[in-house]
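As structure tokens, the structure follows; a few thoughts come after it.
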Number of protein chains: 2
Amino acid sequence: MGILQKAFELIYVKGYQTTSIDDILATTQVTKGAFYYHFRNKDEMGIAIINELLKPGFAAAFIEPLHTEGDPVKIIYDMMYAILMKNELLKVEYGCPAANFTQEMAPWHSDFTRVLNELSQEWKNAIIHCIRKGKKAGRIRADVKSEQVAVFIMSGYWGIRNMGKLNNSRSVYLIYLKQLKDYLHTLQ
Amino acid sequence: MGILQKAFELIYVKGYQTTSIDDILATTQVTKGAFYYHFRNKDEMGIAIINELLKPGFAAAFIEPLHTEGDPVKIIYDMMYAILMKNELLKVEYGCPAANFTQEMAPWHSDFTRVLNELSQEWKNAIIHCIRKGKKAGRIRADVKSEQVAVFIMSGYWGIRNMGKLNNSRSVYLIYLKQLKDYLHTLQ
DNA sequence: ATAAATAGATACTAACCCGTATTTTTTAAC
DNA sequence: GTTAAAAAATACGGGTTAGTATCTATTTAT
């Protein structure tokens with residue numbers, strides 16, 4: 001886990017392909033023998049980072065908030081606000097770790113893409129579930145298509161991460177969040 | 001331009017970092033001497049690809065459609081539909097070339113980020129302009145914030161490109177487009 | 001025709017890459 | 001205390017990388 005943590009930090013900042021195993025060894029003070037005792041190769045370590053580090057963090061920040069009771073509009077907005085503005089691990093200049101992996105590995109590394117797709121599907125299902133609950137409670141219009149809304153919200157998130165990288169400033173997050181709030185209110 | 005074209009095709013599919021100069025030389029049948037006569041180094045070629053190839057193609061598909069007269073809702077939706085569903089150069093499994101570059105290069109290669117930011121700003125300004133015209137013509141509500149909407153639309157685009165990569169299917173584009181249409185109608 | 005500038009070809013370097021083979025140290029079991 | 005397994009250290013191999021040095025060929029200008 002120590003190796004994975006440090007490796008993740010390097011990869012999050014530099015990218016997977018450009019982070020060499022020697023880089024990881026240098027910063028972790030781990031020798032090559034130890035590294036290859038724990039991981040068969042670099043890709044196995046990459047997959048381990050996603051499963052052991054990314055998934056738990058993702059579940060805490062992206063999934064769990066959606067399971068709380070209340071107004072979906074508020075729940076979804078608050079989740080997004082927390083992810084973009086409060087989360088101290090995710091820096092605006094380095095974007096979303098999951099999106100970085102996706103962009104870099106798809107479509108060539110199918111192992112990565114499959115695991116990342118699982119992440120994405122979990123989020124999607126949680127959003128759909130949250131909206132369906134809101135519809136039953138009369139908080140969301142009955143004609144709202146849950147899946148469409150989920151996909152729309154997710155795409156907005158990944159896109160604003162990209163714009164944040166370009167602008168290297170959270171100010172674009174705030175602009176996005178304002179419009180997200182307006183959009184969510186149209187679902188009521 | 002021949003080198004740039006072939007190099008772009010390789011980079012679009014494989015990524016910038018993982019496309020070696022030797023790869024480019026092999027597919028272009030150009031020798032190393034010729035290559036380094038025209039470009040000082042790899043990054044200069046990368047910047048040239050963005051300026052000489054990406055920018056013109058971007059202007060044609062992303063900017064020009066926004067300059068036509070008419071209903072912004074229809075104009076913006078049609079533009080997005082054409083980009084996602086009709087453009088034969090942009091494949092769903094390889095995503096958006098500009099987004100790929102951004103994801104891969106930011107924040108370390110400031111030359112790339114700066115040029116890509118110019119692209120992004122041009123698109124943003126064109127969308128803002130389109131919406132402002134719509135407001136003046138009474139086609140868009142007066143209280144709509146043009147910049148917020150522009151950022152929201154752009155983030156949706158870049159995000160859905162990411163999801164398309166993950167799913168490797170245009171079906172997710174269609175789901176997104178439906179909700180985009182609904183969203184745009186709320187601006188009227 | 002000659003000189004100069006442009007363009008292209010070839011061979012090479014020095015650094016870096018991932019992964020392996022081999023050896024050494026540490027830990028645990030009996 | 002001996003043995004065996006687990007864990008870690010080291011050195012190296014085979015291949016790739018971006019970029020350079022050097023040489024040759026082709027235009028262009030005078």
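Below, all heavy atoms of this structure are taken into account, side chains as well, without hydrogens, waters or symmetry copies. We name chains A, B, ... by the order of the sequence lines, and we start the count at 1 in each one.
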Self-check item: For atom OH of Y36(A) and atom C1' of dA21(C), their distance in whole Å
Solution: 14 Å
Practice problem: Would you tell me whether Y173(B) and N167(B) have side-chain atoms, one donor and one acceptor, within less than 3.5 Å of each other? | Solution: no
Quiz item: Would you find a donor on one side and an acceptor on the other, under 3.5 Å apart, between the side chain of Y36(B) and the backbone of T31(B)?
Solution: no
Quiz item: Are any side-chain N or O atoms of N162(A) and backbone N or O atoms of T102(B), one a donor and one an acceptor, separated by less than 3.5 Å?
Solution: no
Self-check item: Exercise: identify the closest heavy-atom pair between E104(A) and T18(A)
Solution: OE2-N, 4.4 Å
Quiz item: Which nucleotides of nucleotides 3-14 of chain C have their base under 4.0 Å from a protein heavy atom (B), which only their sugar-phosphate (S), and which neither (-), written as one string 5' to 3'?
Solution: ---SBSBBB---
Quiz item: Atom CZ of F35(A) and atom P of dC18(C): how far apart are they, to the nearest Å?
Solution: 9 Å
Quiz prompt | pair E69(A)-K133(A): side-chain heavy atoms closer than 4.5 Å | solution = yes
Exercise. Mind calculating the distance between OH (Y16(B)) and P (dT17(D)) to the nearest angstrom?
Key: 14 Å
Quiz item: Given side chains that start at C-beta, do those of M80(B) and L177(B) come closer than 4.5 Å, heavy atoms only?
Solution: yes
Quiz item: Can you list the residues that meet the salt bridge (charged side-chain N to carboxylate O under 4.0 Å, His left out) rule with K6(B), with sequence neighbours excluded?
Solution: none
Quiz item: Do Q17(B) and M105(B) have side chains that get closer than 4.5 Å, going by heavy atoms?
Solution: yes
Practice problem: Please work out which residues in residues 40-51 of chain A have a non-hydrogen atom less than 4.0 Å from an atom of DNA chain D and list them by number. | Solution: none
Quiz prompt | Rounded interatomic separation in angstrom, taking CG from D23(A) and C1' from dG19(C) | solution = 16 Å
